[in-house]
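Below is one structure, written out as structure tokens, with a few remarks after it.
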Amino acid sequence: MEFFSLFVDGKDVDTGKYEYFPYSDNYITDFKKTFQIMTKLKKGETPEDADKYIYAKYCVGDNELNRKAIDAAYKASKIMRDMPIAKRRKILYDVHKHLMINREKILELLAIEGHPKKLADWEFYAMDNAFSKTTLDLFKDSIWEEAGSMCDEKVYLVRKPDGVVVLVPPKNAAASNSLSAAYCFLGGNAVIVKAPLKAPVATLFVWKNVIGAALKENGAPDGIMSIITGNSKVIMDEWLENPKVNDIFFFGESENGLEIAKRAHNFNKKAILELSGNDNMFVWDGCDVDGATDSALDAFLGSTQICMLPKNLIVHEKIYDEFKEKLLAKVAELKFGLPSSEETFFTPVVKIKECQEFLDDALSKGAKLLCGGKKVDHTGTPTERGVYFQPTLVEIETDNPQMFDMKVIKEENFFPVIPIVKVKSSKKIKKEMDAEIFAKMLEIANKNEYGLRASVWVKSAFYTRQFMKYIDNCALLRINSRHIAFSLYLPGQGGVGKTGGPYGEASFLVQKTTHLQGISLTR
């Protein structure tokens, strides 16, 4: 059985209080036995077959350890700000080096935590892209920039570190999303990470063996990085009230995150929010339908329990039938299975009761069921006791007066129940038809209360420009590429509306965790 300690002030910490993490395959196929073994281990017993069912024993922290991490981070931040920017960049170069060295181990841990290989591969692709040398060089150059000179005056734009940044990554993809916080070191900050209490092992490994190794190689001060676990409310209350904490980087549901942001504001702290998503994917007449349907297929990755997947497919009526036919054929080929299987596309649905409620709500308001709609087990066999849900597509037409009241359209959809919206026009002339359909698509975009990503599949040069100009309530707009892809120079995170709050935008973490200062030097 593997053992995972915590890490504070440059030292591994064994708290003496432990939790146990099972192999996800066993948890799915034999929940009763797995739960019994975990219960016995917590009581101090040692069942003979524990190693077969339980992967790891890990430490649980408390608020005393949290305070030690804050104190250590505060001291280290005063040292880190004096480290040359080029050396801070070297830390992130080495993060990428250690990421690649540990690739297979990270993928193994993600699978043990329940991430199917297809999902784990995408998560690693995101981590790899975020720490490319090209992007790191761009961000490094933005920290200290000579803006210009006039006569005997030089003007500089300089980003100064905020100090201590604390992070709550999302439970569903903690390791991959938390890695982005390493950019805080480039700005000269210290970081404390709270790994998810129930699924921390991949996050603990990444921060100790990838980021921790890079920090140590480059002589970063002890305390510059700590990783803890514990009671979320107690830890967050301490972070909000402790004057040594500067920025709170929070992933989670919108309602909870926006409330934390309000409290942070009252304590004069910066809140950086990565909250719920309800992404639109627009499909225009004449586009690459094969590319569009491949991208739409990602809506079901991990049973749709990832915030930045396409959740609403908004399709021009002229291409609708072809798009629907091809997508249904591809959806039918998706595989159920255990996380360890190479072909598995789905994960258990955490809130499966609410999944059924979303589907029932759509159908009661006029949506048409195209496929799916049943609970299944890990083999794909329908059963009322199933913890998986079939990939489900529902058809909605824009002349349905209840469309914007449907949960699958209005709320964050964290379930494999995906609407295909057929955008219809009353016009007969092509130019007028397109103008009306674009106006309806824009209305759908503007009524989206969330603002993570949007994507468009379009060939028309005119409507490409229209989408670029008018789709503005999202942090990232992708045109003619995979909705969940990543690009050099562009951030993978950020959002507006209920996704990022009133100060939400595309999140370059170097900028989010620093503050801009203008400097005038006259000789």
Side-chain angles (χ1 to χ4, degrees), residues 253-254 276-283 292-293 296-307 309-317 319-334 336 345-377 380-425 437 440-441 443-445 447-450 498:
E253 294 181 355
S254 293
S276 305
N278 191 30
D279 288 7
N280 290 321
M281 188 180 112
F282 299 94
V283 183
T293 49
L297 208 63
D298 287 329
F300 295 112
L301 187 62
S303 294
T304 317
Q305 296 171 118
I306 302 291
C307 59
L309 305 183
K311 304 290 181 74
N312 301 290
L313 310 177
I314 318 299
V315 186
H316 192 295
E317 68 169 324
I319 206 170
Y320 180 84
D321 289 340
E322 181 184 359
F323 177 88
K324 180 177 72 172
E325 181 181 339
K326 289 189 174 182
L327 181 59
L328 284 168
K330 292 178 179 181
V331 168
E333 296 177 357
L334 299 179
F336 284 94
F345 207 82
F346 303 98
T347 58
V349 178
V350 175
K351 297 180 179 180
I352 200 159
K353 181 180 177 182
E354 288 87 340
C355 178
Q356 186 67 53
E357 290 174 357
F358 265 58
L359 175 58
D360 292 344
D361 174 77
L363 296 179
S364 71
K365 293 172 180 173
K368 176 184 175 183
L369 181 65
L370 297 177
C371 68
K374 295 180 180 179
K375 289 188 287 186
V376 295
D377 62 19
T381 303
T383 170
E384 279 304 308
R385 300 184 65 183
V387 295
Y388 292 79
F389 203 85
Q390 292 175 329
T392 301
L393 290 169
V394 295
E395 180 178 83
I396 302 169
E397 297 188 354
T398 47
D399 55 9
N400 184 332
Q402 298 187 82
M403 182 181 75
F404 289 112
D405 293 324
M406 295 181 188
K407 290 184 176 183
V408 291
I409 297 292
K410 184 176 182 180
E411 300 180 19
E412 181 191 31
N413 182 11
F414 230 56
F415 314 110
V417 179
I418 303 300
I420 310 181
V421 179
K422 183 177 184 179
V423 188
K424 300 173 67 177
S425 171
I437 288 176
K440 289 184 177 181
M441 287 187 173
E443 179 187 19
I444 293 170
K447 285 190 175 181
N448 187 353
E449 297 178 358
Y450 303 84
K498 288 184 177 180

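We're numbering straight along the sequence, starting at 1. Just so you know, these numbers use all the heavy atoms, side chains as well, and skip hydrogens, waters and symmetry mates.
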Inset, instruction - Check the pair V421 / M403 against side-chain contact (heavy atoms from CB on, under 4.5 Å), numbers first and verdict last. - result: CA-CA 9 Å; V421 179; M403 182 181 75; 3.8 Å; yes

Inset, instruction - Could you give me the CA-CA distance, side-chain angles and deciding distance for T304 and V349, then say whether side-chain contact (heavy atoms from CB on, under 4.5 Å) is met? - result: CA-CA 9 Å; T304 317; V349 178; over 6 Å; no

How far apart are the closest heavy atoms of [X] and [Y], and which atoms are they?
X	Y	answer
G386	I352	O-CD1, 3.4 Å
F282	M441	CE2-O, 3.5 Å
I396	A367	CG1-CB, 3.9 Å
D399	K424	OD2-NZ, 3.4 Å
M281	A292	CE-O, 3.2 Å

Any donor-acceptor N/O pair, [X] side chain to [Y] backbone, under 3.5 Å:
X	Y	answer
T392	G373	yes
S303	P416	no
N448	N278	yes
E317	V423	no
D377	G380	yes

Inset, instruction - May I ask you to decide whether K311 forms a salt bridge with D279, counting only side-chain N to carboxylate O separations under 4.0 Å? - result: no

Output the distance between atom [atom1] ([X]) and atom [atom2] ([Y]), rounded to the nearest 0.5 Å.
X	Y	atom1	atom2	value
I314	I444	CD1	CD1	4.5 Å
F358	F389	CZ	CZ	12.0 Å
K326	I319	NZ	CD1	8.5 Å
S254	E449	OG	CD	9.5 Å
N312	I420	CG	CD1	11.0 Å
F300	T347	CZ	OG1	13.0 Å

Inset, instruction - With sequence neighbours excluded, give me every side-chain hydrogen bond (donor to acceptor under 3.5 Å, both in side chains) pair touching residues 356-368. - result: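 Checked against side-chain hydrogen bond (donor to acceptor under 3.5 Å, both in side chains) - neighbours excluded - the pairs reaching residues 356-368 are Q356-D360, D361-K365.
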
Inset, instruction - Apply the test side-chain contact (heavy atoms from CB on, under 4.5 Å) to residues I306 and L301: give CA-CA distance (whole Å), side-chain angles for both, the deciding distance (0.1 Å), then the verdict. - result: CA-CA 8 Å; I306 302 291; L301 187 62; 5.8 Å; no

Inset, instruction - Give a yes or no on this: more than 12 heavy atoms of other residues, nucleotides or ligands lie within 6.0 Å of atom NZ of K374. - result: no

Legend entry - Reference residue Y320; test side chain to side chain donor-acceptor pair (under 3.5 Å); the match among K422, E325, E397, E395: E395

Inset, instruction - Check whether any side-chain heavy atom of V331 sits under 4.5 Å from a side-chain heavy atom of C371, and report yes or no. - result: yes

Legend entry - Within-4.5 Å side-chain heavy-atom neighbours: L359 and L369: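 The answer is yes; the side chains approach within 4.5 Å.
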
Legend entry - side-chain contact (heavy atoms from CB on, under 4.5 Å) evaluation trace for T381 with V376: CA-CA 5 Å; T381 303; V376 295; 5.8 Å; no

Atom pairs and distances, side-chain donor-acceptor, residues 407-415, under 3.5 Å, sequence neighbours left out:
unit_1	atom_1	unit_2	atom_2	d
E412	OE1	S276	OG	3.1
E412	OE2	G277	N	3.2
N413	OD1	F415	N	3.1
N413	ND2	V417	O	2.5

Legend entry - ring pair (Phe, Tyr, Trp, His ring centres under 6.0 Å) involving Y388 - partner list, sequence neighbours excluded: F336

